[in-house]
Amino acid sequence: MLAGIAVLASGGCSLRSMAVNAIVPTLANPDVYRSEEDPELVRDALPFLLMTIESILDTEPEQDQALVFACTGFTLYGNAFLQADAEIAEWEGDYDRSAALRDRTWRIYVRARDHCLRSLELKYDGITAALRQNPASALADTEVADVEVLFLLGAAWGLAISNALDQPSLIADLPAVRALFARALELDEDYERGALHSALITLEALPAQLGGSPERARAHFERAVELSAGLDASPYVTFAAGVSVPEENRAEFQELLTTALAVDPDADTSFRLLNLVSQRRAQALLDQVDDLFFDPLETEETLP
Amino acid sequence: MRTRLFVIAVALILAPIVLLAQRGTRIQLGSVLPANSVWDKALKEMASEWQRDTDGRVQLRVLPGSVKDEGSLARRLKAGRPQAAVFVLPGDIDEAFNVLSIPFFFESDEETFHVVEKLTPTFEKVLADQGLVLLNWGHAGWAHFFTADRVETFDELKRTKVYTAAGDEKMLQWYKENGFNPQPLAVTDVLLGLNTGLIDAYPTAPYVALLFQWYNRTPYMLDVPLTPVLGITVVTERTWNRVSAEDQRALRASAKRVEQDLFRDVPAQDRQAITEMQSRGLTVVELDDAAKASFRTIADGLTASWRGTMIPADVYDHALRERNAFRASR
């Protein structure tokens, strides 16, 4: 009798796995979201889908496609909506709203990171601990097929850190982020028409003390634009905010953002959603130009 | 009738002036602080409070990382934009602030606060001479020595190739005169200096060693606090004088709250940073009380020469008096 129940239960698990394996590819199709022309629809739809995917993962924790989609979806939601809203609130001087959004943002990225780490663990047992201790050697066995997860993990982890520099437990992992992008670049330099280079603009725009370099950021910017044939607005916005502002180069800032706004979101539908989001950021940045840049010193009135 | 017309005319003339005054004071606050750090978040909380507490009459825009360095920030502040700033290294504005950076001079936050409080009128005066008003102090942690090899004595510390800020000739000279082996570098070159072996020791707060990943090359931290790192928030007098006395009181109260928050949160952040670094291989070199006292005694002898050279003599004497009085009261 007990054996019969065990067989039935086991059969039930298999049936459930089969059902999950059948439904996940249909549910978790990031291309549908990337090409969406209405960002607000994605903003409303993604949370329900992500909770559904997490419910699936609760019963099927090793469903890799669901893990990767959860990582993608939480990163997308964090970046396109929470972080963008936080930045815009900040530029508009609404610091209470910005702080609340920032707090949600880094937690969402950490959630994304953990899904990606679980995906990598399925293939490379113990890689999470290894990434924290010796990131470069931890990634030595990864291959071209892993680049998507390496990229997503680097993005989620790096964005979590940059939104929460008051969390020592997070910032300690910055070397892992660098190693992930370095390895992904080594394996597939033109992945997703410049996505790696675009992400590396942010990393290289960090202060030199944090290992950043404006020169390397510029090289990644130029390569990202080249690989995307200028159809991706995000490198322009990232470079303008990350490099032109600290370099106090107002003319370049305005030129880059104007170029970003001129990108036709329909020219390449695979960039459509992210282009619309980037253009919202670009316009908000341009609206704040007088706060982001101080007047040239030589034309300013001096204090008594 | 004529009087009534006059009143109306005056009212019409005054109206734009009144409206202008009601528009409030907009203050931009520049800094080299990283966005989303504990300091940036505290300043943004202060900005929200300023807006609330003055019913929108004072609006503070916090602009982290808005300039390349604090030298550029000081020049821009004097030129009028931004109108407020945070300086992590106030000693660059006036040497009086160097009194807060004397190696091994302070033993605790309590002692530091006492001296800071007693010397605040002096600091306010030197800032006023430059057209600036002191709003509050910011705690950036306690600097400790991080070293590539284990260091337990002053002599061992002297043998290290220690980082010192390029351009600070007086500090370089002091190091050399006292038998250290200083290596002047731009702060942006510290990581390169560590990687190439040009330097193998530097003083910094634990959070900074973690954030900049410098600790990877220097796996020992000497657990004798070197000096507190105290920043200041200032506003130009010209802007401050546009704010009513009542609003000034509200802004000062808010700035004080932020100061207290930072003095609570930053040491906690440093303790977390040390724990994180320890889990990744950092060794905290703990000394017994006698060894710590020995460090302080030697340092007291060596840093006495800062009096009158790196710190105005009267400021040095005042700080020493207050510090000793605090210790005697304990």
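Proteins come first, then strands; the chains are lettered A, B, ... in the order of their sequence lines, and each starts at number 1.
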Contact origin within B/Gln28 toward chain A - heavy atom pairs under 4.5 Å: side chain

Region of B/Leu211 that comes under 4.5 Å of a non-hydrogen atom in chain A: both

Contact origin within B/Val62 toward chain A - heavy atom pairs under 4.5 Å: both

Residue pair A/Ala112 / A/Phe74: nearest heavy atoms and the distance that separates them: CB-CB, 3.6 Å

Main-chain N/O of A/Thr75 paired to A/Asn79 side chain as donor or acceptor, under 3.5 Å: no

Straight-line distance of B/Trp214 CH2 to B/Thr204 OG1, nearest 0.5 Å: 5.0 Å

From CG (A/Leu153) to CG (A/Leu131), nearest 0.5 Å: 6.5 Å

Pair A/Leu185-A/His197, side chain to side chain contact (heavy atoms under 4.5 Å, CB included): steps then yes or no: CA-CA 8 Å; A/Leu185 203 64; A/His197 290 284; 3.8 Å; yes

Any residue of residues 168-178 of chain A which, by heavy atoms, sits under 4.5 Å from chain B: A/Pro168, A/Ser169, A/Ile171, A/Ala172, A/Asp173, A/Leu174, A/Pro175

Contact winner vs chain A - B/Arg26, B/Lys41, B/Arg280, heavy-atom pairs under 4.5 Å: B/Arg280

Chain A contact via B/Ser279 - which portion, at a heavy-atom distance below 4.5 Å: backbone

B/Asp129 atom CG, over 12 foreign heavy atoms within 6.0 Å: yes

Side chain / backbone / both / neither for B/Trp39 at chain A, heavy atoms under 4.5 Å: neither

A/Phe221 vs A/Tyr236, ring pair (Phe, Tyr, Trp, His ring centres under 6.0 Å): CA-CA, chis, key distance, verdict: CA-CA 8 Å; A/Phe221 163 72; A/Tyr236 298 102; 5.6 Å; yes

Backbone N/O of A/Ser162 and side chain of B/Asn36: donor-acceptor pair under 3.5 Å: yes

Flag for A/Arg183-A/Thr142: side-chain donor and acceptor within less than 3.5 Å: yes

Contacts of residues 44-52 of chain B with chain A (heavy atom under 4.5 Å): B/Lys44, B/Ala47, B/Ser48, B/Arg52

Neighbours of chain A found in residues 184-199 of chain B - heavy atoms under 4.5 Å: B/Val187, B/Thr188

Proximity of residues 103-110 of chain A to chain B, residues having a non-hydrogen atom under 4.5 angstrom: none

Polar side chain donor-acceptor pair, A/Gln279 to A/Gln283, under 3.5 angstrom: no

A/Gln288, part contacting chain B, at a heavy-atom distance under 4.5 Å: side chain

Side chain, backbone, both or neither of B/Gln213 within contact of chain A (heavy atoms, under 4.5 Å): side chain

